[in-house]
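Since the structure comes first, as structure tokens, the remarks are kept for the end.
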Amino acid sequence: MTITDPTTTTTEGDSAAALAAARADLRGRLLADGVLIDLGSPGLYGRTGVFERVYAAVDAAAVRSQADLDAEVLRFPPVEPLAAFERTDYIASFPDLAASISGFTGDDRTHRALLAARERGERWETFLQPADLMLTPAVCHPVYGLVGDTVPEGGRTFDIVGDSFRREPSLDPMRLQAFHMHEFVHIGTPASAKTHRDGRIPGMRALLESFGLAIEVVPANDPFFGRVGQMLARNQVEQALKFEFVTPVYGPDHDATAISSANLHEDHFGTSFGLRTADGAVAHSACIAFGLERITIALFAAHGTDPDRWTSDVRAALAL
């Protein structure tokens, strides 16, 4: 017989309720003050001029901080071919976050059936067929299929920013379904990949702290799915493959929220895409990633929704 400590249960319930209230308060302020616009689906928002002003400043500051990399600039659409998506093996680890695109390919008869279903209030999307396209869950995905079979000596480094989509509806304004990451990806040897990841961490922390945010760098794991995913998550933490830059958006009584990360992929993408280094070994990769919306919303949470009233130090760091 299992005996539950009612004090512990109550405390956990109170903490969860307090966190939900803090999230609702921040979301309410962002909407009421005209920073975000509710689009009617959890985790999807329109953005106003004040949001875009800060968002652009955050992105520009991130780019300035990595200028010494002299990275190759690449930009991709918010969708990727199914064949390329398959090679990343994303669906094996994160099936709950993935989303495909479908289109109508039927004839007039099928269209009439679709309209009849719609008129009855039924889910007419079942009449659509897979379009062999996926919404991109990670902006770096397309780059691995473009670098060729052999990475030159010294490796290659890329500046990549774009749309990401992860099917993870939430009323927490720090957890969006559609968002942007600015990543700086290196593909090379195991040593150069690790140097890229580790060498960038101090500068990233200093940059985020210059924005007036309290930052800790902590080992972390991706949200792998299922029982096997639990093992993968433990391994990721134990091997220190992922670090997150976290800040207490909802106060010291609640877990801090990740706003950026530094990731070592080891040979995952090198193996999946057949990438080799100059000496014929499987290429390794690493990336640092700035969560642009998360950093922006963390700034509004920390300093208020009027950037003109932020401290001079914060405004100077962001060149506002």
Side-chain angles (χ1 to χ4, degrees), residues 16-17 19-21 23-24 26-28 30-32 34-48 51-52 55 75-142 145 161-181 222-230 232-233 257-258 272 291-294 297:
L19 177 57
R23 289 170 171 169
L26 176 58
R27 182 175 184 271
L30 294 171
L31 295 173
V35 176
L36 294 177
I37 302 169
D38 187 0
L39 296 181
S41 181
L44 292 178
Y45 300 95
R47 298 122 65 98
T48 65
F51 186 97
E52 286 299 298
Y55 172 95
R75 301 292 181 263
F76 301 114
V79 299
E80 61 179 312
L82 176 61
F85 175 85
E86 282 277 20
R87 296 182 73 179
T88 68
D89 209 30
Y90 189 90
I91 199 67
S93 297
F94 313 105
D96 51 326
L97 303 181
S100 64
I101 296 176
S102 299
F104 182 75
T105 60
D107 55 16
D108 285 345
R109 180 179 179 181
T110 308
H111 186 218
R112 289 193 297 271
L114 181 156
L115 294 177
R118 180 170 175 259
E119 185 68 21
R120 295 190 299 269
E122 297 174 2
R123 297 300 297 262
W124 54 266
E125 305 98 308
T126 59
F127 289 89
L128 305 182
Q129 299 298 317
D132 292 333
L133 293 171
M134 300 293 293
L135 291 174
T136 304
V139 298
C140 66
H141 274 182
V161 64
D163 301 78
S164 294
F165 179 89
R166 297 177 189 172
R167 179 62 177 159
E168 198 174 14
S170 172
L171 291 176
D172 179 359
M174 292 295 287
R175 187 169 297 280
L176 305 181
Q177 292 197 74
F179 55 93
H180 297 81
M181 302 291 290
D222 291 309
F224 295 103
F225 183 80
R227 285 187 175 182
V228 173
Q230 294 175 14
L232 292 174
T257 302
S272 297
L292 298 180
E293 282 87 357
R294 284 198 177 188
I297 293 173

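For the pair Glu293 (side chain) and His180 (backbone), a donor-acceptor distance under 3.5 Å is present. With hydrogens and angles ignored, the 3.5 Å screen pairs no side-chain donor or acceptor of Arg27 with any backbone N or O of Pro173. Looking only at distances, a side-chain donor or acceptor of Arg294 sits under 3.5 Å from a matching main-chain atom of Met174.
Taking each heavy atom of Ser102 and Leu128 in turn, the nearest pair found is CB-CB, 3.7 Å. Residues Pro78 and Asp163 come closest through the heavy atom pair CB-CB, 3.6 Å. Contact detail for Leu133 and Pro81: the closest heavy-atom pair is CD2-CA, 4.1 Å.
With rounding to the nearest 0.5 Å, the separation of CG in Leu82 from CZ in Arg87 is 13.0 Å. The CG atom of Asp96 sits 11.0 Å away from the CZ atom of Arg166 when rounded to the nearest 0.5 Å. Here Leu176 contributes atom CG and Leu292 contributes atom CG; the two are 11.5 Å apart, rounded to the nearest 0.5 Å. Atom-to-atom distance recorded for Leu171:CG and Asp38:CG is 9.0 Å, nearest 0.5 angstrom. Atom CD1 of residue Ile37 and atom CG of residue Leu31 lie 9.0 Å apart, to the nearest 0.5 angstrom. Rounding to the nearest 0.5 Å gives a distance of 15.0 Å between CD1 of Ile101 and CD of Gln129.
Gln177 is listed as a side-chain neighbour of Ser41, based on a closest heavy-atom distance under 4.5 Å. A 4.5 Å side-chain heavy-atom check between Thr136 and Phe76 finds every atom pair outside the cut-off. No side-chain heavy atom of Phe165 sits less than 4.5 Å from a side-chain heavy atom of Met134. The side-chain heavy atoms of Pro137 and Glu80, taken from C-beta on, include a pair separated by under 4.5 Å. Residues Ile297 and Val35 fail the side-chain proximity criterion, which asks for heavy atoms closer than 4.5 Å.
Between His141 and Phe85, the ring-plane angle classifies as perpendicular under the 30° and 60° cut-offs.
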(request) With side chain to side chain contact (heavy atoms under 4.5 Å, CB included) as the test, would you mind laying out the steps for Tyr90 and Leu97 before giving the verdict? (result) CA-CA 9 Å; Tyr90 189 90; Leu97 303 181; 3.7 Å; yes
(message) Could you go through Phe104 and Thr110, starting from their C-alpha distance and side-chain angles, then the distance that decides it, and tell me whether this counts as side chain to side chain contact (heavy atoms under 4.5 Å, CB included)?
(response) CA-CA 9 Å; Phe104 182 75; Thr110 308; 4.0 Å; yes
(message) Determine whether Arg75 and Val161 satisfy the following criterion, side chain to side chain contact (heavy atoms under 4.5 Å, CB included), listing intermediate values before the conclusion.
(response) CA-CA 6 Å; Arg75 301 292 181 263; Val161 64; 3.0 Å; yes
(request) Given side chain to side chain contact (heavy atoms under 4.5 Å, CB included), test Thr257 with Asp172 step by step and report yes or no. (result) CA-CA 11 Å; Thr257 302; Asp172 179 359; 5.6 Å; no
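Heavy-atom neighbours of Arg109 CZ from other residues, nucleotides or ligands within 6.0 Å: at or below the threshold of 12.
Both the sub-6.0 Å distance and the 45° axial angle are satisfied by Arg47 relative to the ring of Tyr55.
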